[in-house]
Amino acid sequence: MLASRNARVAVGHRVATAPVNRALLAARPGRCGLIATKAQKKEIMMWEALREAIDEEMERDPTVCVMGEDVGHYGGSYKCTLGLYKKYGDMRVLDTPICENGFTGMGVGAAMTGLRPIVEGMNMGFLLLAFNQISNNCGMLHYTSGGQFKVPMVIRGPGGVGRQLGAEHSQRLESYFQSIPGVQLVACSTVRNAKALLKAAIRSDNPVIFFEHVLLYNVKGEAGGAEELACLERAEVVREGTDVTIFTYSRMRYVVMQAVNDLVKKGYNPEVVDLISLKPFDMETISKSIRKTRKAIIVEECMKTGGIGASLSAVINESLFNELDHEVVRLSSQDVPTAYAYELEAATIVQASQVVEAVERVCGSRAMALA
Amino acid sequence: MALQATIQGLKAQAGSQLGLSVARLFASAAAPIKVEVMPYKVHRIDAPSNIVETNVTELMDFYKLMYKMRRMEIAADMMYKAKFIRGFCHLYDGQEAVLTGIEAAITLQDSIITSYRDHCQHVTRGGSVVGLMAELMGKKDGATRGLGGSMHIYNRKNNFYGGNGIVGAQIPLGAGIALAHKYKGEKNVCITMYGDGAANQGQKYEALNMAGLWNLPVIFVCENNHYGMGTAEWRAAKSPNFYTRGDYIPGIKVDGMDVLAVKNAVAFAKAYALANGPIVMEMDTYRYHGHSMSDPGSTYRTRDEINAMRTERDPIERVKKLLLANGVEAAELKKIDREVKKEVDEAVEAAKASTAPPEHWLWKNMYVK
């Protein structure tokens with residue numbers, strides 16, 4: 001059951017990781033960015049990029065392992081671990097029974113000994129069952145043990161509103177998890193950042209909750225090479241602009257960019273910032289942008305109450321009040337369970353037209369532009 | 001109730017146990033002493049022998065350790081009442097034989113994880129009494145620098161994984177630690193301790209199932225002190241036979257007030273776990289204090305019951321009687337008592353004299369740099 005690679009793992013409490021050129025690791029904010037190596041030319045889908053990330057990191061470091069429902073023989077419900085069990089064996093790609101509380105806790109225990117588990121929630125929403133393990137153990141153990149134990153694990157999986165999946169399968173847990181002290185929250189959005197961020201998350205010694213989105217797995221793009229890591233604490237400036245900053249993350253990035261197409265035609269010049277790091281916020285990038293545009297709109301998929309936007313809005317208000325010409329506007333999902341009917345589901349989440357309307361409202365009319 | 005019956009049964013047994021121990025006229029400390037312990041009740045496994053071999057040296061070590069645990073917890077009680085210790089404080093006095101027997105059967109390379117009743121694990125896993133007292137008082141010299149408190153004590157170097165506040169949450173962690181032992185090819189077990197209250201948690205069954213599926217070297221130890229806070233076991237558990245509740249996982253029920261019975265059974269369990277996979281152990285034990293210092297422990301139990309335990313089943317008294325019957329002088333034991341009291345008293349004073357953690361430690365260890 002143990003893959004032969006496990007035999008090379010040092011016996012004993014401290015497990016030596018495979019030798020690697022540490023100079024290439026980007027882990028500190030302020031000194032990092034995408035360290036591009038020779039990027040692959042071909043386009044792949046996001047699930048393939050995530051799979052590449054997991055495969056490369058498992059090959060590089062024998063302490064990296066995956067556990068979750070149907071990650072092994074089934075290949076992963078979203079194919080992110082397709083075929084990996086054949087390469088690494090059942091112990092390193094562990095098919096768990098359906099017991100999120102149990103196997104998330106098990107992942108934490110394994111991480112405390114020095115392994116680097118990637119715990120997959122088949123849907124992020126199921127991780128509510130493991131909330132105690134994520135909050136009290138995963139998040140807090142480094143602190144409560146006086147720094148003795150690290151919890152270098154990644155908890156990843158898809159969340160977000162899909163295509164009529166119903167209320168319980170359309171959860172956005174980033175707002176639930178954001179108060180947990182000690183965890184980092186990262187939301188990927190493109191093929192490139194998905195792979196680079198997941199690799200960085202796996203190599204991080206801190207627990208990272210890694211949010212993917214059900215509707216983004218088939219998005220295509222170019223992925224980076226084996227040593228391209230992204231900084232877990234850095235936001236991405238998607239589009240530079242001057243009129244207003246639109247902060248967004250995950251799938252809403254695409255909704256925003258769709259709106260931007262319209263807005264540009266109408267004469268607006270919005271700056272779009274993909275937050276990437278939902279906890280902690282990249283205040284350097286955020287404040288730089290607000291100082292430039294003096295207006296902020298947050299477009300998020302989580303619900304309005306207690307959402308990421310609620311926190312971000314408060315922080316912007318407190319630290320950048322004098323840089324603002326307009327109150328921070330939040331476009332969030334409605335505070336309702338996600339309905340099944342197509343039209344109602346669409347009404348629950350933010351649509352591109354609403355983003356356009358918000359920019360028009362915040363920036364004022366551009367009727368005179370592009371005459 | 002079941003507990004009454006157990007006490008009656010033990011009263012009858014007590015005489016024969018000591019009678020069967022072979023008293024050595026020549027007080028050779030290493031000479032083997034054979035003791036008959038209460039026969040083990042078993043589930044899906046053959047019982048280990050209930051004749052345990054020991055010697056005076058070992059018994060003296062047990063005595064000293066258990067007495068130290070006892071004095072530490074009594075000191076914690078006094079410090080709590082004097083308001084040097086705040087919050088929750090769950091004491092282990094009465095249950096000393098369980099941990100002492102476990103540690104005697106395993107090594108520091110085996111892992112151990114437990115609940116919030118964790119003060120004594122600190123000491124058996126390389127910590128000092130001062131470190132414990134300072135932690136309970138929230139001082140910077142404490143085991144977790146004053147940041148954890150009574151329920152969050154750990155020792156990474158010696159594989160002690162805490163110290164967990166939420167009932168039962170340590171059980172899946174224990175399965176994960178055992179998984180890691182197996183993953184790394186280490187011939188070690190993870191002793192995963194929990195109480196009779198926690199035994200009704202769903203996550204215990206999740207962990208049992210996974211441990212059974214993958215033959216993880218985890219020893220599930222239920223410290224059955226018969227009360228989940230204020231609720232007696234028969235009011236909380238449909239089946240109070242905790243050693244059978246692993247279903248397909250074999251189980252052993254042990255007299256948890258007898259350190260020799262515990263040691264023998266755990267040694268057996270470790271060998272089993274390394275060869276086959278998980279095993280459940282139920283330690284029939286008792287806590288003299290209430291659930292925590294906030295609980296007087298007398299509203300749901302009778303004083304008669306508590307006193308009966310002290311008189312008939314106290315783990316330290318049992319070892320003491322064995323030592324006295326095997327040529328150790330009472331004066332020698334009194335000397336140990338005095339030394340231990342002194343150590344604990346000095347530790348308490350040293351802890352009181354220590355200082356609170358500095359303010360900037362509020363942010364210490366939020367993230368790994």
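Keep in mind it's a predicted model, so treat the numbers as computed, not measured. Just so we're on the same page: letters track the sequence lines, and every chain starts at 1.
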Quick check on [X] against chain B: is it the side chain, the backbone, both or neither that has a heavy atom closer than 4.5 Å?
{"X": "A:Ser204", "result": "neither"}
{"X": "A:Met140", "result": "neither"}
{"X": "A:Leu141", "result": "side chain"}
{"X": "A:Val183", "result": "backbone"}

Identify which of [options] forms the greatest number of heavy-atom pairs closer than 4.5 Å to chain A.
{"options": "B:Leu179, B:Asn164, B:Ile166", "value": "B:Ile166"}
{"options": "B:Gln203, B:His152, B:Arg145", "value": "B:Gln203"}
{"options": "B:Ile113, B:Leu216, B:Asn155", "value": "B:Asn155"}

| query | Between A:Ala110, A:Gly107, A:Ser145, which shows the greatest number of heavy-atom pairs under 4.5 Å with chain B? | reply |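 With the most close heavy-atom pairs to chain B, the winner is A:Ser145.
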
| task | May I ask you to name which of A:Lys150, A:Gln133, A:Gln184 has the most heavy-atom pairs under 4.5 Å with chain B? | result |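 With the most close heavy-atom pairs to chain B, the winner is A:Gln133.
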
| said: Is it the case that the side chains of B:Tyr161 and A:Thr113 hold a donor-acceptor pair, with the cut-off being a distance below 3.5 Å and no angle test? | reply: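 Absent: no donor and acceptor within the cut-off.
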
| message | Has A:Asn206 got a side-chain atom pairing as donor or acceptor with B:Tyr367's backbone, closer than 3.5 angstrom? | response |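 Here the side-chain-to-backbone pair does not exist.
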
Return the minimal non-hydrogen interatomic distance between [X] and [Y], and the atom names on each side.
{"X": "A:Asn132", "Y": "B:Ala169", "result": "ND2-CB, 3.3 Å"}
{"X": "A:Glu100", "Y": "B:Glu206", "result": "N-OE1, 4.4 Å"}
{"X": "A:Pro97", "Y": "B:Asn209", "result": "CG-ND2, 3.4 Å"}
{"X": "A:Gly102", "Y": "B:Pro172", "result": "O-CB, 3.3 Å"}
{"X": "A:Gly105", "Y": "B:Leu173", "result": "O-CD2, 3.1 Å"}

| field | More than 12 heavy atoms of other groups within 6.0 Å of A:Phe131 CZ | value |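 More than 12 heavy atoms, drawn from other residues, nucleotides or ligands, come within 6.0 Å of this atom.
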
| query | Is the count of non-hydrogen atoms from other residues, nucleotides or ligands lying under 6.0 Å from B:Met229 atom CE greater than 12? | reply |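 Result for CE/B:Met229: open.
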
Is there a side-chain contact between [X] and [Y], using heavy atoms and a 4.5 Å cut-off?
{"X": "A:Asn137", "Y": "B:Gln170", "value": "no"}
{"X": "A:Met106", "Y": "B:Ile177", "value": "no"}
{"X": "B:Lys184", "Y": "A:Leu115", "value": "yes"}

Could you pull out all donor-acceptor pairs under 3.5 Å where a side-chain atom in residues 352-366 of chain B meets a protein atom, sequence neighbours excluded?
| residue | atom | partner | partner atom | Å |
| --- | --- | --- | --- | --- |
| B:Ser354 | OG | B:Asp141 | OD2 | 2.9 |
| B:Asn365 | ND2 | A:Gly146 | O | 3.3 |

| said: Under 4.5 Å from any heavy atom of chain A, what part of B:Ala143 do you find: side chain, backbone, both or neither? | reply: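 Contact with chain A: backbone only.
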
| request: Assess whether side-chain contact (heavy atoms from CB on, under 4.5 Å) is satisfied between A:Leu94 and B:Met210, documenting all intermediate values. | output: CA-CA 11 Å; A:Leu94 191 60; B:Met210 289 191 284; over 6 Å; no

| said: Which residues in residues 119-127 of chain A have any heavy atom closer than 4.5 Å to a heavy atom of chain B? | reply: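 Those residues of residues 119-127 of chain A which would need a heavy atom under 4.5 Å from chain B do not exist here.
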
